[in-house]
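Inspection log for the structure reproduced underneath, given as C-alpha cells.
Everything numeric here is computed off the predicted structure, so don't read it as measured data.
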Amino acid sequence: MENKIIADIFNEIAELLSVDERPTSKFEVRAYQKAALTISTLQEPIEDVYAKGGLKALMELPGVGKSIAGHIEEYLKTHRIEKYDELKKKYPIDMAALTSIQGMGAKKAITLYRRLGIRNIDDLKKALSSHRIRKLEGFGEKSEEMIQKGLTLMESSGGRMLLGDALPVAEEIVRKLKESGLAKEAMVAGSARRMRETVGDIDILVISGKQKEVMDFFTALPSVDTVLVSGPTKTSVHLKMGLNCDLRVIEPESFGAAVQYFTGSRDHNIQVRTIAVNKGYKLNEYGLFDKKGVNIGGIKEEGIYEALGMQWMPPEMREARGEVKLAIKHKIPDLVKLKDLNGDLHTHTKETDGANTLEEMANEAMRLGHEYIATTNHTKSLYIARGMNDDQFVKYFKQVDKLNEKLKGKLTILKGAEVDILKDGSLDLRDSTLEYMDCVVGAIHSSFKLDKKEMTKRIIAALDSGLIHVLAHPTGREINERQAYEVDLEAVAETAARNKVALEINSFPNRLDLNDTNIMRVSGYNVLFSIDSDAHRTANLSFLRYGIGTARRGWLTKDRIINAKPLKELLKYLKK
DNA sequence: GCCGTTTTCGGCCCGACTGTTTTCAGTCG
C-alpha cells in the first residue's frame with residue numbers, strides 16, 4: 001500500500017512549491033494538496049488502481065490530472081519523483097516535522113531555513129534557546145514564544161486522541177455551558193460528532209447573546225490548561241487532557257449552517273458546497289444564500305440539506321464515501337441505533353481479568369435496559385488473564401444458572417466464553433464444553449505475527465469448526481498501540497457468512513474492531529455483525545455507543561446486527 | 001495543476017485571529 005507515502009510526498013511538494021522563489025500559482029499548490037487528500041482517503045491501494053487501468057484510471061481520481069497521474073506512475077515504477085527530488089535538493093529541510101508545530105507553516109519554516117539554516121526540530125530547538133528567532137524581520141518575541149509553545153505542545157501530546165477519551169470531556173463541557181445559563185444552545189461538532197475513532201480537537205458550538213461572558217466562562221473551566229486564541233466569535237484552548245478545544249459563538253440564524261459546516265468532514269463539505277454552487281447558491285458557515293443573498297437554509301441543519309434537494313444524513317456518514325449521491329436520491333439508509341441493541345454478547349467478570357462480579361455486571365446491564373448478556377470469560381491459554389479451563393467453566397455455569405433463577409427473566413445471562421483460537425486454528429476448550437454454551441466468542445490473542453496466508457487459514461479453520469458464534473475483534477488492532485495482523489478479511493467474511501458466525505464490532509475505545517472501513521469492505525458478503533462492549537467492568541458496558549458509532553460509520557442497518565434481535569430470535573439464531 | 005448542466009480558458013472557499021505591519025501576511029480550520 002503506497003497511498004500514504006505518495007500522499008505525503010504530494011503534500012510536501014505543495015508546501016515546497018508554496019515557498020519556492022519561482023512564482024507558483026497558489027492553485028497549483030492546492031492541486032497537489034487535493035490530489036494528496038484523494039490518495040490518502042482512497043479505499044484501495046493506488047497500485048491496484050494503476051495495475052487495473054493504468055494512467056487513465058489514475059486520472060479518473062478526483063484532483064488527479066495528466067501531470068499528477070504521471071508523478072504517481074513514476075513513483076510506482078521507480079520509487080522516485082523527479083520533481084520532488086529537485087525540490088528536496090533545493091530545500092533540504094524536514095518540512096513535515098517543522099510544519100506540524102502549531103503556528104508554523106511552510107512560509108515561516110522556509111524563512112527560518114534561509115535566514116538561520118534551520119533544517120529540522122533539533123536546529124529549531126538550538127535557535128530557540130539562543131533567542132535568535134526573535135531578532136528576525138517579521139518575527140518577534142511573541143512569535144518566538146509561540147513557536148516554543150507549539151513545540152512543547154507537540155512533544156507533550158501525541159496527536160489524535162481516542163474518541164472514548166475525548167467525547168466524554170466534550171460532553172461535559174457542553175453540559176456546563178448549558179448549565180451556566182450563558183448559552184441558549186450548545187453542541188459538539190467536528191469529528192467527535194461524526195464518531196471518528198480518534199479526535200484531533202474538540203469543536204463546540206453555542207448560541208449566546210453574551211459572547212464575552214460565555215468565552216470567559218469557557219476559558220475559566222477547570223479542564224482548561226492554556227488559552228491559545230481568543231476573539232469575539234472563536235476561542236481556542238488547550239485542555240489539560242492534551243487536546244485543543246475550539247468554542248464558537250454562532251448567531252441563531254446561522255446555527256444550522258455552522259453545525260453543518262463544523263461537523264464536516266472537510267471532503268463531505270466540499271461535495272455539498274459544489275452542489276450549492278451548481279445551483280447558484282453560496283454555502284458557508286453563516287448560511288446557504290441564494291443569488292440575492294437571502295439565507296434560505298433556515299436555522300436547522302436539516303434545512304441546509306433540504307434546500308439543496310438532499311436528504312439529511314447522520315453525521316457518521318459524512319466522509320465523502322458516496323453519501324452525497326444517496327442523499328440526492330433520498331436513499332439514506334436507516335442506520336442502527338443504540339436503542340436497537342437488546343443485549344451484549346461479549347463481557348467479562350472477576351473470574352478472569354474483569355473487575356466486577358457477574359451479579360454486578362448483570363445489574364448494570366439491566367440498568368442499561370438490556371434483555372440479555374453473554375458472560376464470556378477468557379480460556380486457559382491466556383495465562384495473564386487467568387483464563388479458565390473446562391472444569392472451571394462447568395463450575396462457573398452453575399453460578400450463572402443460580403443467578404438466572406434469581407433474575408426471573410428480567411435479564412437472561414447466556415453462558416459463553418471468549419475462547420482462544422490457537423496457532424493452528426484449534427480452540428482452547430473441549431468441543432463438548434463449547435457445545436454446551438449458548439454463545440461462543442472466538443478470538444486471537446497470540447501469534448499475531450503469522451503471515452497472511454497462515455493467519456487466514458487459522459481463522460477459517462476456527463470458523464469452520466461450527467463451534468463459534470462470534471469472531472471477536474477480527475483484526476486484532478489496537479489504536480495507537482498495535483497494528484492489525486495480516487489477514488484476508490474477505491475470505492474470513494465469506495467463511496463467517498457460510499458458518500453463521502457474526503463478525504464483532506468490538507466497542508472498546510482503543511479497539512473499535514472491525515472499524516468503519518473494514519465493515520464496508522466485508523458488508524457486501526452476506527455476513528452479520530455483533531456489536532459488543534468487551535466490558536471488563538460495569539462502566540465498560542456503556543462502551544456500546546462507540547461500537548454503534550462505528551457500525552453507523554460503516555452504514556450498517558439494524559437487520560445486520562445479531563444483538564439487535566430480541567432474546568427469542570437470538571437464541572434461535574445461535575442454535576445452528 | 002485540475003476541471004467543465006457557464007467551460008478547453010478562466011476560475012479555483014474563505015473567514016477568524018494573531019503579530020508586527022502602519023495596511024497586511026501567515027496560519028488554521
Base, sugar-phosphate alone, or nothing: which one does [X] contact when heavy atoms must sit under 4.0 Å apart?
X        : result
A/Ile13  : nothing
A/Gln33  : nothing
A/Lys26  : nothing
A/Ser230 : sugar-phosphate

List the residues meeting side-chain hydrogen bond (donor to acceptor under 3.5 Å, both in side chains) with A/Arg321, not counting sequence neighbours, and say none if there are none.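 side-chain hydrogen bond (donor to acceptor under 3.5 Å, both in side chains) list for A/Arg321, sorted by chain: A/Asp516.
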
Ignoring the backbone of [X], work out which of [options] is nearest its side chain.
X        : options                : value
A/Ser67  : B/dC12, B/dT20, B/dC2  : B/dC2
A/Lys83  : B/dC13, B/dG1, B/dT20  : B/dG1
A/Tyr286 : B/dC12, B/dT20, B/dG15 : B/dG15
A/Val229 : B/dT20, B/dC13, B/dC17 : B/dC17

What integer distance in Å separates [X]:[atom1] from [N]:[atom2]?
X        : N      : atom1 : atom2 : answer
A/Leu37  : B/dG1  : CG    : C1'   : 16 Å
A/Met146 : B/dC17 : CE    : P     : 17 Å
A/Ile270 : B/dC3  : CD1   : P     : 13 Å
A/Tyr32  : B/dG1  : OH    : C1'   : 7 Å
A/Lys149 : B/dG19 : NZ    : C1'   : 13 Å
A/Tyr281 : B/dT6  : OH    : P     : 13 Å
A/Lys34  : B/dG11 : NZ    : P     : 18 Å
A/Ile147 : B/dT18 : CD1   : C1'   : 13 Å

Can you tell me if [X] has over 12 outside heavy atoms packed within less than 6.0 Å of its [atom1]?
X        : atom1 : answer
A/Gln33  : CD    : yes
A/Lys558 : NZ    : no
A/Lys83  : NZ    : yes
A/Glu137 : CD    : no

Where protein sits on nucleotides 21-29 of chain B, one letter per nucleotide: B base, S sugar-phosphate only, - none, heavy atoms under 4.0 Å: -----SSSB

Say we look at [N] and [M]: how far apart would their [atom1] atoms be, to the nearest angstrom?
N      : M      : atom1 : answer
B/dT22 : B/dC17 : P     : 23 Å
B/dT18 : B/dT23 : C1'   : 15 Å
B/dA16 : B/dC9  : C1'   : 33 Å
B/dT5  : B/dG1  : P     : 23 Å
B/dT21 : B/dG15 : P     : 27 Å
B/dG19 : B/dT8  : P     : 47 Å
B/dT20 : B/dC28 : P     : 16 Å
B/dG10 : B/dT6  : C1'   : 11 Å

Can you name the one residue among A/Lys176, A/Lys210, A/Lys212 that meets side-chain contact (heavy atoms from CB on, under 4.5 Å) with A/Leu182?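 Considering A/Lys176, A/Lys210, A/Lys212, a side-chain contact (heavy atoms from CB on, under 4.5 Å) with A/Leu182 is found only for A/Lys210.
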
Can you tell which of A/Asn515, A/Thr475, A/Asp534 makes a side chain to side chain donor-acceptor pair (under 3.5 Å) with A/Asn506?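 When side chain to side chain donor-acceptor pair (under 3.5 Å) is applied between A/Asn506 and each of A/Asn515, A/Thr475, A/Asp534, only A/Asp534 qualifies.
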
For the pair A/Tyr91 and A/Tyr113, name the ring-plane relationship: parallel under 30°, tilted 30 to 60°, perpendicular over 60°.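 Ring orientation, 0 to 90° scale: perpendicular.
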
Can we say A/Glu301 and A/Arg318 salt-bridge, meaning some charged N sits less than 4.0 Å from an Asp/Glu carboxylate O?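 Result for this pair is yes, salt bridge flagged.
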
Could you walk me through whether A/Arg521 and A/Asn518 pass the side-chain hydrogen bond (donor to acceptor under 3.5 Å, both in side chains) check? CA-CA 5 Å; A/Arg521 262 175 76 190; A/Asn518 282 328; 3.1 Å; yes

Tell me the partner of B/dC28, counting only Watson-Crick (N1-N3 plus N6-O4 or O6-N4) or G-U wobble (N1-O2 and O6-N3) with both under 3.5 Å; none if nothing fits.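 Here B/dC28 is engaged in a pair, and the nucleotide opposite it is B/dG15.
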
If you apply the rule side-chain hydrogen bond (donor to acceptor under 3.5 Å, both in side chains), what do you find for A/Thr198 with A/Arg160, and how did you get there? CA-CA 6 Å; A/Thr198 58; A/Arg160 302 181 70 87; 2.8 Å; yes

Is the closest side-chain heavy-atom distance between A/Val272 and A/Met310 below 4.5 Å?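 Side chain of A/Val272 against side chain of A/Met310, heavy atoms only: contact under 4.5 Å found.
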
Considering just the side-chain nitrogens and oxygens of A/Ser236, establish if one lies under 4.0 Å of OP1 or OP2 belonging to B/dC17.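 For B/dC17, OP1/OP2 do not have a side-chain N/O of A/Ser236 under 4.0 Å.
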
Within less than 4.0 Å of OP1 or OP2 of B/dC14, is there a side-chain N or O belonging to A/Arg273?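 For A/Arg273, the contact criterion (side-chain N or O under 4.0 Å from OP1 or OP2 of B/dC14) is not met.
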
Please figure out whether A/Thr233 or A/Val29 has its closest DNA chain B nucleotide nearer the 5' end.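 The residue whose closest nucleotide sits nearer the 5' end is A/Val29.
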
What residues in residues 114-130 of chain A put a non-hydrogen atom under 4.0 Å from any atom of DNA chain B?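 The stretch gives none, as no residue of it lies under 4.0 Å from the strand.
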
